[in-house]
Amino acid sequence: MSLIQIRKRSLTVETIHHEGGPPVDRPLKLAAACAVIRNPYAGRYEPDLMPFMAELRPLGTLLATELVETLGRDQVEVYSKAAIVGVNGEMEHGAVWHEAGGWAMREVLGEPKAIVPAAKAVAATGYRLMVPLHYIHACYVRSHFNSMEVGIQDAPRPDEILFALVMGTGGRVHARLGGLTKEQVSVHDGQR
């Protein structure tokens, strides 16, 4: 029997036209794809989480593909991942998403170099989590440092985990604080 049993999924898309300044020609789109699954290890300690992490890869691919289909593969410039573990679980149950979610996004986006930022928490039902975003090809592109809130009103229940992937089409709409720009990325090591 599969370790992955999905109760529900959600897709949230934000379209940002301005942040108090002039409206931009191309609005920024941020999207979060979430899946709520039963936590197979809720209420007990499991020493080997590797099978769980491996079985999460198809879920990561499903969510990453949904985001790419929503935003357009060539439009994605920022990404992140997140996990909210219900209170009968532990932080490590969310940490399995680092490999499964990050690998999936890299796969569907054509192997971008920058580390995939993340946020995770063990929390009660309805908890909301701010997820950090940055540029997919170099993590020091300051204009693309951003965040998006993820969460679902009735999740995760105590024996569940909410896994999320987030992508967006650009940096902050009124970014003007200098630093490395995406056009200046030259080393292609995921840093600069």
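Below, all heavy atoms of this structure are taken into account, side chains as well, without hydrogens, waters or symmetry copies.
Side-chain atoms of Arg172 come within 3.5 Å of backbone atoms of Arg142 as a donor-acceptor pair (strictly under, hydrogens ignored). A donor-acceptor pair under 3.5 Å is absent between the side-chain atoms of Arg192 and the main chain of Val185, judged by distance alone. Within the 3.5 Å criterion, the main-chain N or O of Ala31 finds no donor-acceptor partner in the side chain of Thr12. Side-chain atoms of Glu55 never come within 3.5 Å of backbone atoms of Phe52 as a donor-acceptor pair (strictly under, hydrogens ignored). With His134 contributing its side chain and His144 its backbone, the two residues share no donor-acceptor pair below 3.5 Å. The main-chain N or O of Val116 is found under 3.5 Å from a side-chain atom of Lys81 such that the two form a donor-acceptor pair. Not a single donor-acceptor pair under 3.5 Å links the side chain of Ser143 to the backbone N or O of Gly171.
Met167 pairs with exactly one of Thr70, Leu30, Val76 by the side-chain contact (heavy atoms from CB on, under 4.5 Å) rule, that one being Val76. Partner of Thr65 under the side-chain contact (heavy atoms from CB on, under 4.5 Å) criterion, chosen from Val68, Thr61, Leu67: Thr61.
Arg26 and Gln75 share a side-chain donor-acceptor pair at under 3.5 Å.
Arg57 and Glu107 are not joined by a salt bridge, as no carboxylate oxygen comes within less than 4.0 angstrom of a charged side-chain nitrogen. With respect to Arg38 and Glu160, no salt bridge is recorded, no charged nitrogen being found less than 4.0 Å from a carboxylate O. Using a 4.0 Å cut-off between charged side-chain N and carboxylate O, Arg7 and Asp159 make no salt bridge. A salt bridge between Asp154 and Arg157 is present, with a side-chain N of the basic residue lying under 4.0 Å from a carboxylate O of the acidic one. Comment: Glu46 engages Arg44 in a salt bridge, judged by a side-chain N to carboxylate O separation of less than 4.0 angstrom.
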